[in-house]
Amino acid sequence: MNLTTQLLDASDPQNIEKAAALLRQGEVAAIPTETVYGLAANALDERAVAKIFEVKGRPSDNPLIVHIAEVDELKELTSRLPDAALELARRFWPGPLTMVLPSSSIVPALTRAGLDSVGIRLPAHPVARKLIKAAGVPLAAPSANISGRPSPTSAAHCFEDLAGRVQVILDGGPCNIGVESTVVSLTDGAPRVLRPGAVTPEQIKAAAGSVVIDPVVYQKPDPDAPVASPGVKHTHYAPKAEVVVLHGNWESCKRFLAKQAGEGVWALVFEEELADCPLSALSLGPSGSDETQAMRLFALLRELDEKGARQVYARAPRQEGVGLAVYNRLIRAAGFRQLAVDREGL
Ligand code: AMP
Ligand code: MG
């Protein structure tokens, strides 16, 4: 692939039309959403969807999320709509919630990676919604990064990964959520969170009456067990550096970090700890602001690459609310390397 990549300002309606025309022709385009930037194509056109997998280098067993502009579109994409789905749509759409539902036959097998379910989301970002409407078709749109890399939260991140591989990147400014959507399965039983995001398990429970958090949210999936959400078993969000997530209070972490100093060794700490950190460090955001941490995380992982970091120690975010989404991405970026500095008496 050696295309000329245009970065187009999404505030100009002509540029939205340009991207929509490409999508109607069965091409791909990188687009802003409120979660992360997406690499979009017509979700109902198998040949267009194949280009997403090719451009990203995405494993073909990892299903794509289908983005719609109106709740009504749910009907033709699904074979059954549980009451809980309508309730969650009413409560959280447009917004960062993907629902996994029994698929109708109009969704190509490649879009759903051969599963009999399909992930559907109605995004809140005005550019994404205008574009879906202008394209006139639902858009499959995984994160617009090369598979395995941190997800892009700005048009510049998309350009880093996709220059020469796509014709158009629509620049809608930085993403205000910064982590991918919550994925909740409604195919049987209680709503099951497969991936945490800005819509929290607590909020889903309040709206739907119950919620289950799938163990894959916290753990490395067993390579031999069948997984509900195939995406979780692939390497994700990885910077070039080896990342280790540190559990423990700041005093214990500080003692541990002081012993790790060396060339290319960095720390990711909370805002209020930055001045006191014995290593070169970047701020995840205030310990009390999950939202800020979510918004910053992927850009920080890319920044660590630019700084030539080879070893990164990161403070563990809290595992509640939106913090659970930050924690989930960080342990994957760390390849599940975690250390309890208190317990080891370090
Ligand atoms: P991405 O679009 O790269 O943010 O990844 C999409 C995520 O949604 C992956 O973790 C997928 O495994 C998950 N997903 C999408 N469709 C389904 C589905 N039909 N069943 C289960 N998980 C899904
Ligand atoms: Mg992704």
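Everything numeric in this text was worked out from a predicted model, so none of it was measured. Whatever order the structure lists ligands and atoms in, that order sets their numbers, starting from 1.
Looking only at side-chain heavy atoms (C-beta outward), Glu272 and Trp250 stay at 4.5 Å or farther from each other.
When the heavy atoms of Arg195, His236, Glu180 are ranked by distance to atom 7 (C) of ligand 1, first place goes to Arg195. The residue from Gly119, Pro63, Ala113 that puts a heavy atom closest to atom 14 (N) of ligand 1 is Pro63.
Between Ser117 and ligand 1, at least one N/O pair is under 3.5 Å apart. Considering both main-chain and side-chain atoms, Arg112 never comes within under 3.5 Å of ligand 1 through any nitrogen or oxygen pair. By the 3.5 Å distance cut-off applied to N or O atoms, Arg58 is counted among the residues near ligand 1.
Among the backbone and side-chain atoms of Ser147, no N/O/S atom is found under 2.8 Å from the Mg ion (ligand 2).
Listed by atom number, the atoms of ligand 1 under 4.0 Å from Val183 heavy atoms are 8 (O). Listed by atom number, the atoms of ligand 1 under 4.0 Å from Val118 heavy atoms are 19 (N). Numbered from 1 in the order shown, with element, the atoms of ligand 1 that lie under 4.0 Å from a heavy atom of Ser143 read 2 (O), 3 (O). In the vicinity of Asn62, heavy-atom distances shorter than 4.0 Å reach the ligand 1 atoms 9 (C), 11 (C), 12 (O). Those atoms of ligand 1 with a heavy atom of Leu115 less than 4.0 angstrom away are 18 (C), 19 (N), 20 (N).
Counting only N and O atoms by type, the side chains of Arg58 and Ser147 include no donor and acceptor under 3.5 Å apart. Between Ser181 and Thr98, the side chains place a donor N or O and an acceptor N or O closer than 3.5 Å (distance only, hydrogens not considered).
Residues Leu186 and Val107 are members of one and the same hydrophobic cluster, defined by side-chain heavy-atom contacts under 4.5 angstrom among Ile, Leu, Val, Met, Phe, Trp and Tyr.
The hydrophobic cluster containing Leu8, built from Ile/Leu/Val/Met/Phe/Trp/Tyr side-chain heavy atoms closer than 4.5 Å, also comprises Ile16, Leu22, Leu23, Ile31, Val127, Leu131, Ile132, Val137, Leu139, Val168, Leu170.
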List the steps and the verdict of side-chain hydrogen bond (donor to acceptor under 3.5 Å, both in side chains) for Ser143 and Glu180. CA-CA 8 Å; Ser143 49; Glu180 302 86 344; 4.7 Å; no

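A salt bridge between Glu70 and Lys133 is present, with a side-chain N of the basic residue lying under 4.0 Å from a carboxylate O of the acidic one. Of the charged side-chain nitrogens involved, at least one lies within less than 4.0 Å of a carboxylate oxygen, so that Glu271 and Arg296 count as a salt-bridged pair.
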